Novice: 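Questions regarding the structure given below will be posed in turn.
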Amino acid sequence: MTKYILVGGYVHKASDEGQAFCEELVKGININPVKILDCMFARNREDWEEGLKKDKEFFGKFISDFNLELANPETFTEQVRNSDIIYLKGGHTRKIMEVLSNNLDWIKELDGKVLAGTSAGGDVIAKYYAVLSTKRVGDGLGLLPIKFIPHWNSDYSDDECGNIGWQDELDKLKAYKEELPVYTLGEGEFKVFTA
């Protein structure tokens, strides 16, 4: 059994600054320190270390005892095997999909673990997703049989979100391929699944 947590984006923008998300992330894990694998594959390589530093500060506000490790594409399966939580950060969906679909062995290591995905990381987990900034729908890895739209009704970037027809994009995703439940999550919102 794997616990999946989908996040609409920018978890720190939640009214509680991400506390409920962090508490859900570690709920039921009775290991100290909890091992979190921080996956930045959706971002440019030169930004990974800075992202890791920011995530260490973020998790440190709400989780008392944890180790945070930066994910590496070459050893990702082994890292997943040795982690309690895998955190797929947002960024560019195509980038993260390219890396994670290159070798799917890591998926076999998810039993008993938590897989959290924010924005593009959530796109990967879903079967189908919509990228609102490019008005594109696509296929995720299908770890959950759902359709997903992150950044719902967001103002995170006026350049990207200023001219989005939210209902049009939702209708487009609903009509894409097969009928599945659709989840729309705004900044800081999250939904928990087990499968």
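Numbers for residues simply follow the sequence, beginning at 1. Values in this document were obtained by computation on a predicted structure and should not be read as measured data.
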Novice: Tell me if the CD atom of E78 is crowded by more than 12 foreign heavy atoms within 6.0 Å.
Specialist: no
Novice: With no hydrogens and no angle check, is any side-chain donor or acceptor of K113 less than 3.5 Å from a backbone partner on R81?
Specialist: yes
Novice: Ignoring hydrogens and angles, tell me if any N or O in the side chain of K147 forms a donor-acceptor pair with the backbone of K174 under 3.5 Å.
Specialist: yes
Novice: Does the pair V26 and F59 meet the rule for a side-chain contact (heavy atoms from CB on, under 4.5 Å), with working shown?
Specialist: CA-CA 11 Å; V26 298; F59 289 128; over 6 Å; no
Novice: Once you round to the nearest 0.5 Å, how far does CD of E74 lie from CG of N102?
Specialist: 10.0 Å
Novice: Report yes if some heavy atom in the side chain of F58 is under 4.5 Å from a heavy atom in the side chain of V11; otherwise report no.
Specialist: yes
Novice: Looking at E169 and K172, is there a salt bridge between them, counting it only when a charged N and a carboxylate O are closer than 4.0 Å?
Specialist: yes
Novice: Side chains of L143 and L110: closer than 4.5 Å at any heavy-atom pair?
Specialist: yes
Novice: Could you walk me through whether D105 and T77 pass the side-chain hydrogen bond (donor to acceptor under 3.5 Å, both in side chains) check?
Specialist: CA-CA 6 Å; D105 288 346; T77 300; 5.3 Å; no
Novice: Show your working on side-chain contact (heavy atoms from CB on, under 4.5 Å) between L185 and F148 and close with a plain yes or no.
Specialist: CA-CA 8 Å; L185 295 173; F148 178 56; 3.7 Å; yes
Novice: Quick one: does any side-chain atom of N44 pair with a main-chain N or O of E46 as donor and acceptor, under 3.5 Å?
Specialist: no
Novice: Could you tell me if D171 and Q167 have a donor-acceptor pair between their side chains, going purely by distance under 3.5 Å?
Specialist: yes
Novice: Measure the spacing between CG of L52 and SG of C39 and express it to the nearest 0.5 Å.
Specialist: 11.5 Å
Novice: Using 0.5 Å steps for rounding, measure from the CD1 atom of I125 to the CG atom of L6.
Specialist: 5.0 Å
Novice: Would you mind reporting whether L115 and L88 have side-chain heavy atoms less than 4.5 Å apart?
Specialist: yes
Novice: Shared ILVMFWY cluster between F190 and V182, side chains joined below 4.5 angstrom?
Specialist: no
Novice: Honestly curious: do L144 and V80 fall in one hydrophobic cluster under the side-chain, below-4.5 Å linking rule?
Specialist: yes
Novice: Looking only at heavy atoms, what is the nearest atom pair of L25 and A116, with distance?
Specialist: CD1-CB, 3.8 Å
Novice: Is the W166 ring parallel, tilted or perpendicular to the W152 ring (thresholds 30°, 60°)?
Specialist: perpendicular
Novice: Answer yes or no: is there a donor N or O on one side and an acceptor on the other, between the side chain of D84 and the main chain of K35, under 3.5 Å?
Specialist: yes
Novice: Which atom names give the shortest non-hydrogen contact between S83 and L37, and what distance separates them?
Specialist: OG-CB, 3.4 Å
Novice: If you compare all heavy atoms of T194 against all heavy atoms of M1, which two are closest, and at what distance to 0.1 Å?
Specialist: CB-SD, 4.0 Å
Novice: Taking all non-hydrogen atoms of both residues into account, name the closest pair between E187 and G8 and its distance.
Specialist: OE1-O, 4.4 Å
Novice: Pick one: which of Y129, Y128, Y176 meets side chain to side chain donor-acceptor pair (under 3.5 Å) with D139?
Specialist: Y176
Novice: Starting at NZ of K54, measure out to CG of D47 and round the result to the nearest 0.5 Å.
Specialist: 8.5 Å
Novice: On a heavy-atom basis, which atom in G18 and which in F62 lie closest, and how many Å separate them?
Specialist: C-CE1, 3.9 Å
Novice: Does the side chain of R136 come within less than 4.5 Å of R94's, by heavy atoms?
Specialist: yes
Novice: To the nearest 0.5 Å, what is the distance between CD1 (I149) and NE2 (H151)?
Specialist: 11.5 Å
Novice: Please work out whether the ring planes of F21 and Y87 are parallel, tilted or perpendicular, with thresholds of 30° and 60°.
Specialist: tilted
Novice: Under a single-linkage definition using a 4.5 Å side-chain heavy-atom cutoff for Ile, Leu, Val, Met, Phe, Trp and Tyr, are I96 and Y4 assigned to the same hydrophobic cluster?
Specialist: yes
Novice: Please check if atom CD in E109 has more than 12 non-hydrogen atoms from other residues, nucleotides or ligands closer than 6.0 Å.
Specialist: yes
Novice: Donor-acceptor check, side chain of Q79 to backbone of L70, threshold 3.5 angstrom: yes or no?
Specialist: yes
Novice: Between F193 and Y183, is the ring centroid distance below 6.0 Å?
Specialist: yes
Novice: Looking at E24 and K27, is there a salt bridge between them, counting it only when a charged N and a carboxylate O are closer than 4.0 Å?
Specialist: yes
Novice: After noting the C-alpha distance and the side-chain angles of F41 and E98, does the key distance pass the side-chain contact (heavy atoms from CB on, under 4.5 Å) rule?
Specialist: CA-CA 9 Å; F41 300 160; E98 185 178 308; over 6 Å; no
Novice: Can you give me the closest heavy-atom contact between N67 and P33, atom names plus distance?
Specialist: ND2-CG, 3.4 Å
Novice: In Å, rounded to the nearest 0.5 Å, how long is the span from CD1 of I29 to CD1 of I85?
Specialist: 4.0 Å
Novice: So do the side chains of D55 and K89 get within less than 4.5 Å of each other, counting heavy atoms only?
Specialist: yes
Novice: Kindly check if the number of other-residue, nucleotide or ligand heavy atoms within 6.0 Å of CD (E178) is above 12?
Specialist: yes
Novice: According to a hydrophobic-cluster definition based on side-chain heavy atoms being under 4.5 Å apart (Ile, Leu, Val, Met, Phe, Trp, Tyr only), do I86 and W106 belong together?
Specialist: yes
Novice: With a 4.5 Å limit on heavy-atom distance, are the side chains of L104 and L141 in contact?
Specialist: yes
